[in-house]
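In what follows, a structure is listed as structure tokens, so that the remarks can point back to it.
In what follows, chains are A, B, ... by sequence order, proteins preceding strands, each numbered from 1.
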Amino acid sequence: MKLRYFAWVRERVGRGEEERDIPPDVGSIADLVAFLKTQGEEYEAAFENERVVRAAIDRIHVKPNASILGAQEIAFFPPMTGG
Amino acid sequence: MKLRYFAWVRERVGRGEEERDIPPDVGSIADLVAFLKTQGEEYEAAFENERVVRAAIDRIHVKPNASILGAQEIAFFPPMTGG
Amino acid sequence: MAVRLQSEPFDAGAEIARLTKGRTDVGAVVSFTGLCRADGETGAISAMTLEHFPGMAEEELGRLETQARERWPLLDCLIVHRYGRLVPGDPIVLVIALSGHRQAAFEAANFLMDYLKTSAPFWKNEESESGSQWVSAKVEDDQRRNLW
Amino acid sequence: MAVRLQSEPFDAGAEIARLTKGRTDVGAVVSFTGLCRADGETGAISAMTLEHFPGMAEEELGRLETQARERWPLLDCLIVHRYGRLVPGDPIVLVIALSGHRQAAFEAANFLMDYLKTSAPFWKNEESESGSQWVSAKVEDDQRRNLW
């Protein structure tokens, strides 16, 4: 699975993207966040306040309960501040 | 008193402006309209539907009951259609 | 006061550039440009002539600008209105509002257009194949104005 | 679809002129320009860097444009958003909406800005004397978006 990170989520994780094997029991965005938080303190820091971090599956905004089945790329980022 | 007319009010009256002596008992815009309607059929035509015609005293919009005491210039025109 | 009446066309982009040049306090610029449409108020038109009340037009637009500046924290504001004969595609009116944050600029520009439509002394006479005709005021314009 | 992402500045006036050129069906053009303010969200700033999610940013802005065209009778529409490092006074974002009558253009431009603020994947990092800091999303922006 390709994972991407932006803004301060990227800074805390320490990279902009990575390829990572995801265990088969990880079914939703929330599951994926919980799994990543077991992968090192950089992920713990990035997802410290889980509810703040937004996610997109294949470049479409999704909620934490969205299924990641069939996803090519999942992105995590803070609330948007453009415009 | 200087009177000015714009748009179709001007076309019906047949002139853009005129100087006219106003009898002393003409106190309001409504009185002035009533007086002008006695001054010829061009005025009758212009003020045929009195409520449609708007007025300004010294370049400020006023209502029909506004006093014309001390006015330098009174203008009559249709509802505005600029912008 | 930044109100201009002119028969010449205006350049919306040049006005926006001039108003923002050298400033670092402006966060939002909203511009409205009104154009002459071939599908006019009285039907298909070939031209229109804007009559105005010189003196009162400037003063009334100035009063509207003052009201807008009292209601919203505007950093600057411009109203340009043309008069004379125009053809379809020609710009008629330009309103620009500058503010720190976007909502004030949007609302002030919208307010100025709604008020201008019903209180600035301009009258449109449209030309078509069947002659020329004065445009009637629209009830919706009065209604929109009364929403503010 | 008329959505552009670029690091270069844009010229609001040139875009308005290009979009209206040769047309006689456009009655109203509303443009919104968002600029970098010296008084930033995190205090006095010397510069800011806009990070974006390439690919998703274009797609998300395209989805917003589609929504706007479905809700209002727009004759044309343009969204330009910059990324990279900007200094106070620099333009950040441009939205232009064209319609027959003014209210559709005002509302569509306002809608696009409100939605863009909360759903387009851009993030501002502001630089000041004390270092650099990510801008926090504003609760008011979510509230404004939910009004539509």
Trace of the side-chain contact (heavy atoms from CB on, under 4.5 Å) decision for Arg4(B) with Phe76(B): CA-CA 6 Å; Arg4(B) 304 185 69 168; Phe76(B) 292 102; over 6 Å; no
Residues Arg59(B), Glu59(C); criterion salt bridge (charged side-chain N to carboxylate O under 4.0 Å, His left out); working and verdict: CA-CA 8 Å; Arg59(B) 302 199 293 270; Glu59(C) 290 175 17; 2.7 Å; yes
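Few gaps surround CG on Leu147(C); more than 12 heavy atoms of other groups in view lie less than 6.0 Å from it.
Aromatic ring centres of Trp72(C) and Phe111(C): separated by under 6.0 Å.
Of the listed residues His52(C), Lys138(C), Met56(C), Glu60(C), the one with more heavy-atom pairs under 4.5 angstrom with chain B than any other is Met56(C). For the options Leu116(C), Leu50(C), Ile92(C), Val135(C), heavy-atom pairs under 4.5 Å to chain B are most numerous at Val135(C).
Interface residue Ser119(C): backbone and side-chain heavy atoms are both found under 4.5 Å from chain B. Heavy-atom distances place the side chain of Ala56(B), and not its backbone, under 4.5 Å from chain C. If you measure heavy-atom distances from Glu73(B) to chain C, the contacts under 4.5 Å come from the side chain alone.
Checking Glu44(B), Glu42(B), Glu48(B) one by one against Arg12(B), the salt bridge (charged side-chain N to carboxylate O under 4.0 Å, His left out) holds for a single residue, Glu48(B).
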